[in-house]
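Reading through the structure tokens given below for one structure.
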Amino acid sequence: MSPQDTARFTLDPAFAVGEVDPRLFGSFVEHLGRCVYTGLHEPGHPAADDRGLRTDVLDLVRELGVTAIRYPGGNFVSGYRWEDSVGPLEDRPRRLDLAWKSTETNRFGLSEFVDFVRKVGGEPMMALNLGTRGVAEAIELQEYANHPAGTELSERRIGHGDREPFGIRLWCLGNEVDGPWQTGHKTAEEYGRLAAETARAMRQIDDSVELVACGSSGQSMPTFAQWEATVLEHCYDLVDHISLHAYYEERDGDRDSFLASAVDTESFIENVVATCDHVGARLKSKKKIHLSFDEWNVWYMNHPRSSAMSPDKDWAEAPRLLEDHYTVTDAVVLGTLLIALLRHADRVKVACLAQLVNVIAPILTEPGGPAWRQTTFFPFAQASRHGRGTVLDVRPHSPVHVTEQYGEVDLLHATAVRDGGTGGVTVFAVNRDRTAPLPLEVTLHGMDLTSVAGHSVLADADPEARNTLEAPERVVPHPAEGTVLDDGVLRATLEPMSWNVIRLA
């Protein structure tokens with residue numbers, strides 16, 4: 001193979017992007033389909049604990065390594081009445097959920113969610129209803145959840161059996177209110193004012209809260225960028241983050257473009273950063289707004305492989321919705337999306353894989369039966385475990401190919417993270433070529449690295465291979481052969497269409 005067929009980059013600790021915030025490895029639990037009911041929560045299941053949580057699922061969530069967990073939506077939150085979700089189960093009302101045409105029983109509510117988050121070692125990220133509700137309900141929920149004692153709302157929580165405050169620090173000011181599908185859809189002016197008013201009131205209770213303003217629901221929205229600019233004109237000094245949402249799927253058999261989806265992700269991030277910084281400059285503020293990429297994933301919105309986008313109006317309880325069954329191809333794409341987030345760790349401080357169980361999720365369950373890992377489980381778990389530390393600046397020289405959607409694209413997509421404690425480095429790399437292996441050479445400067453601690457690969461001769469109830473371990477990562485570190489140069493061969501984790505010690 002000729003030298004021009006080899007992908008190369010150089011790593012030097014003097015050239016870094018920024019520190020990884022652990023909350024980059026967050027997830028998302030919405031009252032949608034079977035994410036909660038028969039996913040996380042199934043009283044009567046053989047593995048259920050005393051509060052109805054499935055311990056087999058808890059074990060997988062811990063293995064996945066999720067940190068911040070966003071709740072309770074999503075589109076669901078724009079019709080959410082938090083009062084319905086607290087107190088004795090027998091007193092909680094059943095409600096129609098307009099977002100997903102379902103009946104919400106409220107058997108799993110705020111206390112159960114906080115209990116779940118604590119059991120998996122995560123951090124709660126609470127979304128507020130700024131669709132059908134407003135400032136008053138937001139600060140009432142904040143007081144109920146976080147005030148120690150001595151007021152009607154805090155004493156109500158104590159009376160419900162939760163003596164200790166929930167300590168929720170991270171709050172989303174609504175969800176996708178730029179979208180006409182959202183209950184309580186608003187213009188940027190309307191939402192910007194409401195977000196500012198809500199943020200100001202919440203900071204009067206506790207100025208240490210972290211607040212996320214709603215950005216655009218996607219880069220393709222007709223109001224994109226103007227929405228962010230208008231909203232931030234109202235609340236720039238009152239919020240800490242602005243949100244981004246993006247989902248990707250293979251369209252019309254164009255797999256090369258699908259494998260290059262992270263080109264769009266990186267463009268989206270950089271365009272939002274530019275918009276935020278433009279507003280900051282106009283306001284003469286030294287503050288930097290960070291990004292909360294709090295919904296991202298592969299999602300087949302209109303594909304027979306996925307359960308229905310929305311059911312008929314039968315208002316069923318926990319119907320099977322959005323239960324995508326992911327392939328090796330999907331897992332490799334998800335890996336590129338993780339690389340895109342890490343490559344922008346200086347500004348992306350929170351990110352939530354949407355969602356956690358059953359609904360476009362890395363974990364699947366069957367009611368009364370087992371839970372298992374989808375193909376997408378593995379890139380996320382490996383990135384969460386090995387992607388903590390300082391992201392190094394990776395600027396690859398790579399062979400390219402032409403895609404229909406994104407034009408000329410590097411075959412190599414990569415990043416690297418240095419562990420501040422051990423000095424070890426992990427390289428995350430994807431070969432986007434569907435048929436040919438890709439030689440890789442990485443030159444190391446200024447680092448005392450002497451050996452390859454491991455090279456894990458997720459790839460398969462069958463690009464449609466997936467894990468199922470009948471074959472839950474059909475797809476798992478495998479070790480690569482021939483990867484060496486010699487005289488400061490790492491040499492490896494990346495299998496066709498593969499996700500690679502190379503650890504250097």
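For the residue pair T327/D330, the side-chain donor-acceptor check at 3.5 Å is satisfied. In this model, a donor atom of one side chain and an acceptor atom of the other lie less than 3.5 Å apart for Q182 and N75. In summary, the side chains of Y144 and H160 do present a donor paired with an acceptor at a separation below 3.5 Å, with no hydrogens or angles considered. The closest side-chain donor-acceptor pair between H234 and E190, if any, does not fall under 3.5 angstrom.
The pair K119-D115 meets the salt-bridge criterion, since a charged nitrogen lies less than 4.0 angstrom from a carboxylate oxygen. The pair E189-R193 does not count as a salt bridge, with every side-chain nitrogen at least 4.0 angstrom from each carboxylate oxygen. In summary, R388 and D419 do not engage in a salt bridge, as defined by a charged side-chain N under 4.0 Å from a carboxylate O. Residues R251 and E249 are paired through a salt bridge, judged by an N-O separation under 4.0 Å between the basic side chain and the carboxylate. Ion pairing of R81 with E137 is absent here, as no side-chain N (NZ or NE/NH1/NH2) approaches a carboxylate O to less than 4.0 Å. Under the 4.0 Å criterion applied to side-chain N and carboxylate O atoms, E123 and R169 are not assigned as salt-bridge partners.
Remark: side-chain polar atoms of N297 are not paired, donor with acceptor, to backbone N or O of W299 under 3.5 angstrom. Put simply, the side chain of R343 gets close to the backbone of A414: a donor and an acceptor are under 3.5 Å apart.
For the pair Y236 and V231, the minimum side-chain heavy-atom distance is 4.5 Å or more.
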Notebook entry, point to check: Please walk me through it: do E83 and R133 pass salt bridge (charged side-chain N to carboxylate O under 4.0 Å, His left out)?
Noted result: CA-CA 12 Å; E83 306 94 328; R133 310 189 92 186; 2.8 Å; yes
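In terms of the salt bridge (Lys or Arg N to Asp or Glu O under 4.0 Å) criterion, residue partners of D207 (sequence neighbours excluded) are, by chain and number, R203. Take K288 and apply the salt bridge (Lys or Arg N to Asp or Glu O under 4.0 Å) test, not counting sequence neighbours, and it matches D277.
Atom CZ of R282 is surrounded by 12 or fewer heavy atoms from other residues, nucleotides or ligands within 6.0 Å.
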Show the atom names and distances, to 0.1 Å, of all donor-acceptor pairs under 3.5 Å that link a side chain in residues 34-44 to residues at least two apart or in another chain.
residue : atom : partner : partner atom : Å
R34     : NE   : E323    : OE2          : 2.8
R34     : NH1  : T38     : OG1          : 2.9
R34     : NH2  : E323    : OE1          : 3.3
R34     : NH2  : N358    : OD1          : 3.4
R34     : NH2  : T365    : O            : 2.9
Y37     : OH   : E104    : OE2          : 2.6
Y37     : OH   : R107    : N            : 3.3
Y37     : OH   : F108    : N            : 3.2
H41     : NE2  : R51     : O            : 3.3
E42     : OE1  : R54     : NH1          : 2.9
E42     : OE2  : G368    : N            : 2.7

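If you look at F268 and F224, their ring centroids are closer than 6.0 Å. In summary, the aromatic rings of H31 and Y71 are positioned with their centroids under 6.0 Å apart. Note: F428 and W499 meet the aromatic proximity criterion, with ring centroids under 6.0 Å apart.
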